[in-house]
Amino acid sequence: ELEYNNLQDLKKIESINIKKIYLDNKIYNKIIFYKQFKIGFKKILDINKYKFYRLSLKSINEIIYGIDDINPNILFKYMLSNDNINIIKEIISYYYDFYNNNPDDKFNGNEYLKLLLRVITSNSTIPINGYNKYPISIKFTNINKPISIHTCYNQFFINKDILCNYKKMNESNKNNSELYLLFSKNTLNNLVNDFSNV
C-alpha cells in the first residue's frame with residue numbers, strides 16, 4: 001500500500017517503482033538468457049560424453065568455438081561426396097599447399113581453409129560435432145550464374161559449364177581455369193565482403 005501527501009510524492013513513488021520494475025526485468029532477462037544458454041549448450045554438447053573434467057583447455061575451447069586449426073583432411077571429412085568431389089579436393093589442396101609454401105604472405109593454408117569455410121558456412125571454424133544435418137556440399141549443377149551459395153545449408157553450387165570448360169583444358173593450363181579462379185583467395189574474399197554488405 002502506497003501513501004503520499006501530494007502530487008510530487010506520487011511522482012517520486014511512480015518513478016521509483018518504474019525504475020525497480022526495469023531493474024527487476026533486467027535481472028530477470030539475464031537469468032533467462034543464461035538459463036537458455038545453458039540449455040542450448042547442453043543440447044549441442046553431451047556433457048557426459050565429453051567428460052569436461054578430463055579435457056584440456058584447448059579441447060574445451062574447440063567444443064565452445066569450434067575447430068579452427070584446419071587442414072584439407074579435416075575439411076574433407078565434413079564434405080558430402082559426389083561425382084566430381086575429387087576435382088574440388090584437388091583444387092582446395094592446391095591452394096592450401098600454395099599458401100603454406102608462400103613465406104612472404106602471412107595468409108597460410110589454414111587461413112585459406114577458414115576463408116573457404118566462411119564463404120560456405122558463414123563461420124570460419126568447424127563445430128565439434130561437425131555438420132550432421134547439413135554437411136558441406138560443393139556441387140556442379142544447372143544454374144544461370146557462375147555460383148550460388150546457401151550458407152544456411154552449407155551449399156556451394158557451381159555452374160556445370162565451368163566444369164565442362166575445365167575438363168576440355170590441357171593439364172598444364174588447369175591452374176588458370178575459371179574453376180580454379182572461383183576458389184582463389186581474391187574471389188573468396190570478394191564473396192565474404194559481398195555477404196557483409198548485404
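Side-chain atoms are counted along with the backbone in the values below, which use heavy atoms only and exclude waters and symmetry mates.
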Cluster companions of Y134 among Ile, Leu, Val, Met, Phe, Trp, Tyr (side-chain spacing under 4.5 Å): Y153
Min side-chain heavy-atom separation I87-I91 under 4.5 Å: yes
For residues 170-186, which residue pairs qualify under salt bridge (Lys or Arg N to Asp or Glu O under 4.0 Å), counting only residues two or more places apart or in two chains? D105-K185, E171-K174
Are F107 and L116 connected in a single hydrophobic cluster, I mean Ile/Leu/Val/Met/Phe/Trp/Tyr linked by side-chain heavy atoms less than 4.5 Å apart? yes
In short, T125 meets Y131 closest at the heavy-atom pair O-OH, 3.5 Å
What about F157 and I92, same hydrophobic cluster or not, with Ile/Leu/Val/Met/Phe/Trp/Tyr joined at side-chain heavy-atom distances under 4.5 Å? no
Residues passing the side-chain hydrogen bond (donor to acceptor under 3.5 Å, both in side chains) test with T141, sequence neighbours excluded, are none
If you define the side chain from C-beta out and look only at heavy atoms, does anything of I149 sit under 4.5 Å from I120? no
Checking S172 now: which residues fulfil side-chain hydrogen bond (donor to acceptor under 3.5 Å, both in side chains) with it, not counting sequence neighbours? none
Polar side-chain atom of N108 near backbone of E111 as donor-acceptor pair, under 3.5 Å: yes
Who are the ring-ring contact (aromatic ring centres under 6.0 Å, His included) partners of Y180, not counting sequence neighbours? Y94
Considering residues, nucleotides and ligands other than K139, do more than 12 of their heavy atoms fall under 6.0 Å from its NZ? no
Atom pairs and distances, side-chain donor-acceptor, residues 67-82, under 3.5 Å, sequence neighbours left out:
unit_1	atom_1	unit_2	atom_2	d
N71	OD1	N73	N	2.9
N71	OD1	I74	N	3.0
N82	OD1	N84	N	3.0
N82	OD1	I85	N	3.0
N82	ND2	I138	O	2.8

K89 backbone acceptor or donor facing S93 side chain under 3.5 Å: yes
With a 3.5 Å distance limit and no angle check, can you tell me whether N61 reaches the backbone of L57 through a side-chain donor-acceptor pair? no
For M169, the hydrophobic cluster (side chain heavy atoms closer than 4.5 Å, chained through members) also holds none
State which residues pass ring-ring contact (aromatic ring centres under 6.0 Å, His included) with F183; sequence neighbours excluded, sorted by chain then number. F156
Could you tell me which residues satisfy side-chain hydrogen bond (donor to acceptor under 3.5 Å, both in side chains) with T187, sequence neighbours excluded, listed by chain and number? S184
Quick one: ring-ring contact (aromatic ring centres under 6.0 Å, His included) partners of Y65, sequence neighbours excluded? none
Do any N or O atoms from the side chain of N159 and from the backbone of I143 form a donor-acceptor pair under 3.5 angstrom? yes
Please list, chain by chain and in numerical order, all residues satisfying side-chain hydrogen bond (donor to acceptor under 3.5 Å, both in side chains) with K58, sequence neighbours excluded. E62
In chain order, what residues pass the ring-ring contact (aromatic ring centres under 6.0 Å, His included) check against F98, with sequence neighbours excluded? none
Quick check, are the ring centers of Y96 and Y112 under 6.0 angstrom apart? no
Side chain to side chain contact (heavy atoms under 4.5 Å, CB included) for I147 and I162? Distances and angles first, verdict last. CA-CA 10 Å; I147 59 169; I162 293 173; 5.5 Å; no
